[in-house]
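Each chain gets a letter, A, B and so on, in the order the sequences are listed, and its residues count up from 1. Computed from a predicted structure; not experimentally measured.
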Number of protein chains: 4
Amino acid sequence: MTRGNGENGTGTEPRQQHHGNRHGRSERARLAVLWAADDLLAEKGFAGVTIEGIAKSAGVAKQTIYRWWSSKTDILVEAYLTDAAEALAPVDHGDLERDLRAHLRRLAEFLTGTDPGAVFRALIGQAQHDPAVAGQFRERCLPEQRRRDRLPLERAVRRGELPSGLDLAAEADRLIGPLYYRVLVTGESVGPAFTDALVDAFLARFPARPR
Amino acid sequence: MTRGNGENGTGTEPRQQHHGNRHGRSERARLAVLWAADDLLAEKGFAGVTIEGIAKSAGVAKQTIYRWWSSKTDILVEAYLTDAAEALAPVDHGDLERDLRAHLRRLAEFLTGTDPGAVFRALIGQAQHDPAVAGQFRERCLPEQRRRDRLPLERAVRRGELPSGLDLAAEADRLIGPLYYRVLVTGESVGPAFTDALVDAFLARFPARPR
Amino acid sequence: MTRGNGENGTGTEPRQQHHGNRHGRSERARLAVLWAADDLLAEKGFAGVTIEGIAKSAGVAKQTIYRWWSSKTDILVEAYLTDAAEALAPVDHGDLERDLRAHLRRLAEFLTGTDPGAVFRALIGQAQHDPAVAGQFRERCLPEQRRRDRLPLERAVRRGELPSGLDLAAEADRLIGPLYYRVLVTGESVGPAFTDALVDAFLARFPARPR
Amino acid sequence: MTRGNGENGTGTEPRQQHHGNRHGRSERARLAVLWAADDLLAEKGFAGVTIEGIAKSAGVAKQTIYRWWSSKTDILVEAYLTDAAEALAPVDHGDLERDLRAHLRRLAEFLTGTDPGAVFRALIGQAQHDPAVAGQFRERCLPEQRRRDRLPLERAVRRGELPSGLDLAAEADRLIGPLYYRVLVTGESVGPAFTDALVDAFLARFPARPR
DNA sequence: TGGTAAACGAGACGGTACGTCTAGTCTTTGG
DNA sequence: CCAAAGACTAGACGTACCGTCTCGTTTACCA
């Protein structure tokens with residue numbers, strides 16, 4: 001997890017550096033916990049993320065964790081969100097095909113090759129076991145990502161590259177669904193060859209129109 | 001899990017009904033364990049499946065479980081396989097569109113509305129946390145399912161409904177990927193309207209040819 | 001603990017009713033703490049007396065407690081002393097035997113049937129575990145009680161009922177020692193029959209002299 | 001605590017050296033726990049005796065302790081009993097005065113100068129806070145000690161040194177009560193001068209008879 | 001009369017120990 | 001030789017208090 005200033009999406013209230021008083025929680029402790037959870041996930045996997053371990057490696061009391069988070073997945077959600085702030089929106093190349101190729105390559109890299117992506121996958125995994133995790137994940141983590149996935153298509157509609165009557169959310173799901181299937185289910189590689197093929201198949205349904 | 005006779009794909013060695021002797025493992029204990037694991041998963045979710053709990057509710061000693069299985073996911077894999085024997089192959093309607101519509105509806109129902117499907121999802125979830133589970137799942141559970149997913153397409157090629165040069169595995173993945181994405185990631189409903197739309201989009205890439 | 005005005009032996013400095021200012025501690029908080037400690041001891045036993053619990057049920061901040069007391073036994077000592085002010089001196093019946101019978105009955109009742117007696121016993125108990133408690137107890141609580149125990153004997157010497165060369169402190173210990181032994185160690189009843197027998201045995205060593 | 005073979009009063013069933021199986025608990029673990037509890041009490045006092053600490057210094061799992069003992073005082077009771085086996089009965093000098101002097105000196109030494117005596121005092125202390133401890137102590141530890149305290153008097157009656165109609169239990173309590181009072185309550189020294197004076201006062205009630 | 005300083009309530013903090021739960025190992029008896 | 005039984009070490013769980021530490025408020029005093 002990024003060791004930035006931590007002022008991010010989960011709240012806008014000011015946070016102080018002092019350890020604890022009536023006026024707010026310790027930002028130091030909060031960041032140490034998120035950081036430790038991220039580190040443990042990267043080092044030892046999901047089973048290696050324990051409240052006890054986080055407390056120990058963050059130099060924080062267990063009670064402090066239980067005071068502010070309800071479970072280890074709650075911590076991971078917040079850690080993900082704190083990091084996701086830096087996940088940039090898809091670049092606009094002014095061309096649908098190039099936008100999609102870039103976005104899918106980037107998404108594949110995110111899911112399989114980055115720490116926030118590992119947290120993302122772990123949360124999806126745990127969501128299969130625990131409806132509460134599923135709810136948290138789908139409410140707090142997923143919407144932003146899906147918005148990013150739709151963005152290239154929305155721009156293409158504005159440009160006239162795609163017809164205007166499409167259900168863009170559904171189209172985006174159809175485009176990236178196979179990527180998630182590979183990452184989550186089959187575990188096969190998702191290199192550029194794979195993602196480019198997805199884009200080609202997707203675009204095949206929309207014959208190029210004259211400019 | 002089905003309480004059938006238990007003679008199935010994971011082994012062909014003869015199994016006796018007696019508790020324990022010099023002639024091999026107890027089939028009674030094996031089935032009781034698989035049954036108990038299935039029941040616990042259905043009743044209490046993945047976290048409610050513990051070796052201790054399985055042993056207790058199966059009336060079996062923990063050591064017996066450790067002797068024959070390496071982990072609780074190993075048990076679930078075997079339980080899934082024991083059940084999956086009855087998962088029928090996709091029906092052949094003699095028509096690609098009807099075959100695909102039926103198959104995707106059936107697959108959606110399997111994943112979201114059946115006990116083996118719940119085990120399947122639980123294993124996928126755990127696979128995100130544990131590479132060993134991922135390996136087991138992908139080696140023992142997944143291939144058969146993917147074969148079923150490819151089958152309608154293979155039949156269509158044979159019928160001439162699809163061109164012969166296609167990478168059918170990739171096409172199958174593109175077809176069902178969005179379904180898995182919905183089930184595993186977004187949690188949105190996967191009713192017939194959704195699966196039919198997937199089929200429509202898929203077929204749009206293959207202009208109907210004269211019969 | 002008695003809810004009197006609280007102006008008593010542990011301090012003579014004026015105390016105000018206000019919450020806190022530069023000129024002294026809050027008598028309201030002090031009494032609330034002593035009262036709460038007494039109540040908790042009576043209701044839930046020694047283990048139920050916690051600083052946190054006292055603070056909560058006294059409506060006082062923990063810091064206020066730590067500012068003025070060093071431990072929960074320190075609070076109990078002060079609570080005992082605040083109550084003990086009303087423990088009257090042994091009545092003078094003008095006769096050693098009647099004085100002793102009355103005193104021992106009264107002492108037995110104090111130890112086994114009153115709230116201050118319960119505090120007294122709790123402190124003795126804790127004194128076995130913690131030398132600091134032992135020191136506090138023996139310095140602040142015990143001397144007054146022992147003075148009361150000696151008083152009937154001193155009066156008897158003045159009256160000529162007992163010879164003048166006796167070590168009265170030792171004699172008093174011998175008289176009441178068995179009572180404490182019963183209360184603290186064996187837990188047997190200490191009714192009038194028992195205390196009267198102690199008096200009889202004591203007096204047997206001092207043959208009645210002509211009046 | 002004595003590191004003997006441990007076959008003693010709390011049970012006569014055979015105990016094996018193996019770690020644990022269906023045929024009984026581990027004697028090794030049992031002795032390590034009792035030993036550790038004793039050591040911790042001697043080194044760090046009653047508050048220093050924690051289940052966690054015992055487990056750690058005994059090299060035993062907490063669960064093993066909770067399986068066989070209900071509390072830390074339960075452990076101390078058993079540790080006391082395991083040691084008390086070696087507490088010899090009062091020696092018979094053939095003479096009441098000498099027997100009593102020896103016994104009280106020995107008792108004073110036991111209470112103030114030995115490890116089992118420290119356990120004994122700790123249990124009495126805790127008995128003031130916890131009725132369950134009081135019950136355990138009075139049922140399992142105290143009777144044997146009281147029997148020893150009565151023994152010199154019983155022998156004296158048999159010898160004709162004391163009249164036969166006495167309530168020996170009551171007399172014994174009167175004799176040793178002041179000693180406990182000093183040890184538990186006042187904390188004053190209990191050297192030979194003190195115990196001898198108790199014996200003198202006791203004997204003063206029974207004029208020497210001609211032999 | 002308004003500023004200053006002490007004690008107050010509140011409560012978050014880093015900790016320790018609690019008693020429970022499950023994992024995974026080991027050892028014996030009995031069929 | 002396997003199964004049942006169950007004791008064992010190990011360690012995470014979530015809770016309760018510990019004693020310490022800011023905060024912002026309250027209020028008597030003193031300038």
Side-chain angles (χ1 to χ4, degrees), chain A residues 16 18-26 28-29 47 49-56 58-68 70-72, chain B residues 16 18-26 28-29 47 50-53 55-56 59-68 70-72, chain C residues 16-26 28-29 47 49-56 58-68 70-72, chain D residues 16-26 28-30 47 49-56 58-68 70-72:
Chain A
Q16 289 76 30
H18 46 70
H19 278 210
N21 57 33
R22 70 186 307 189
H23 305 294
R25 62 194 282 196
S26 159
R28 185 193 64 70
V49 181
T50 65
I51 301 284
E52 206 119 297
I54 293 171
K56 187 169 185 176
V60 144
K62 275 166 66 179
Q63 188 54 50
T64 297
I65 297 180
Y66 284 107
R67 199 181 343 261
W68 301 110
S70 61
S71 64
K72 70 179 186 179
Chain B
Q16 289 76 28
H18 43 71
H19 277 211
N21 56 30
R22 58 189 53 172
H23 307 295
R25 69 187 280 193
S26 157
R28 187 194 65 71
T50 64
I51 301 283
E52 208 116 299
K56 187 171 186 177
V60 145
K62 275 166 63 180
Q63 187 53 43
T64 299
I65 298 180
Y66 283 107
R67 194 175 350 252
W68 300 109
S70 62
S71 67
K72 71 178 186 180
Chain C
Q16 289 77 28
Q17 296 304 318
H18 47 73
H19 277 211
N21 58 33
R22 67 189 306 187
H23 305 294
R25 66 191 281 193
S26 158
R28 184 192 66 71
V49 181
T50 65
I51 301 283
E52 209 118 294
I54 292 171
K56 186 170 187 179
V60 145
K62 276 166 65 178
Q63 186 54 46
T64 299
I65 297 180
Y66 283 107
R67 198 182 341 259
W68 301 110
S70 61
S71 65
K72 72 177 185 179
Chain D
Q16 289 77 29
Q17 294 305 317
H18 46 72
H19 278 210
N21 57 33
R22 68 188 308 187
H23 306 293
R25 62 192 283 192
S26 158
R28 185 193 65 71
R30 175 179 161 268
V49 181
T50 64
I51 300 284
E52 208 119 297
I54 292 171
K56 186 170 186 177
V60 144
K62 276 166 65 179
Q63 187 54 49
T64 297
I65 297 181
Y66 284 108
R67 191 173 359 250
W68 299 111
S70 61
S71 66
K72 71 178 186 178

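Rounded to an integer number of Å, the gap from CH2 of B:W68 to P of F:dC1 is 12 Å. Rounded to an integer number of Å, the gap from D:R28 CZ to E:dC26 P is 14 Å. Rounded to whole angstrom, the span from the CZ atom of B:R67 across to the C1' atom of F:dA3 amounts to 7 Å. Distance NZ (D:K56) to P (F:dT9): 16 Å, rounded to an integer number of Å.
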Can you give one letter per nucleotide of nucleotides 17-24 of chain E, 5' to 3': B if a protein heavy atom sits under 4.0 Å from the base, S if only from the sugar-phosphate, - if neither? BBBBBBBB
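The distance from the CD1 atom of A:I65 to the CD atom of A:Q63 is 10.0 Å, given to the nearest 0.5 Å. Rounding to the nearest 0.5 angstrom, the gap separating the NZ atom in B:K72 from the OG1 atom in B:T50 is 7.0 Å.
Shortest non-hydrogen contact noted between B:A55 and B:A61 is CB-C, 4.3 Å. Of all heavy-atom pairs spanning B:A29 and B:T64, the tightest one is CB-CG2, 4.4 Å.
Here A:T64 reaches the OP1 or OP2 of E:dG14: one of its side-chain N or O atoms lies under 4.0 Å away.
Judged by the 6.0 Å and 45° rule, A:R25 forms a cation-pi pair with A:W68.
Heavy-atom nearest nucleotides on DNA chain F were determined for B:G59 and for D:G59, and the one closer to the 5' end corresponds to B:G59.
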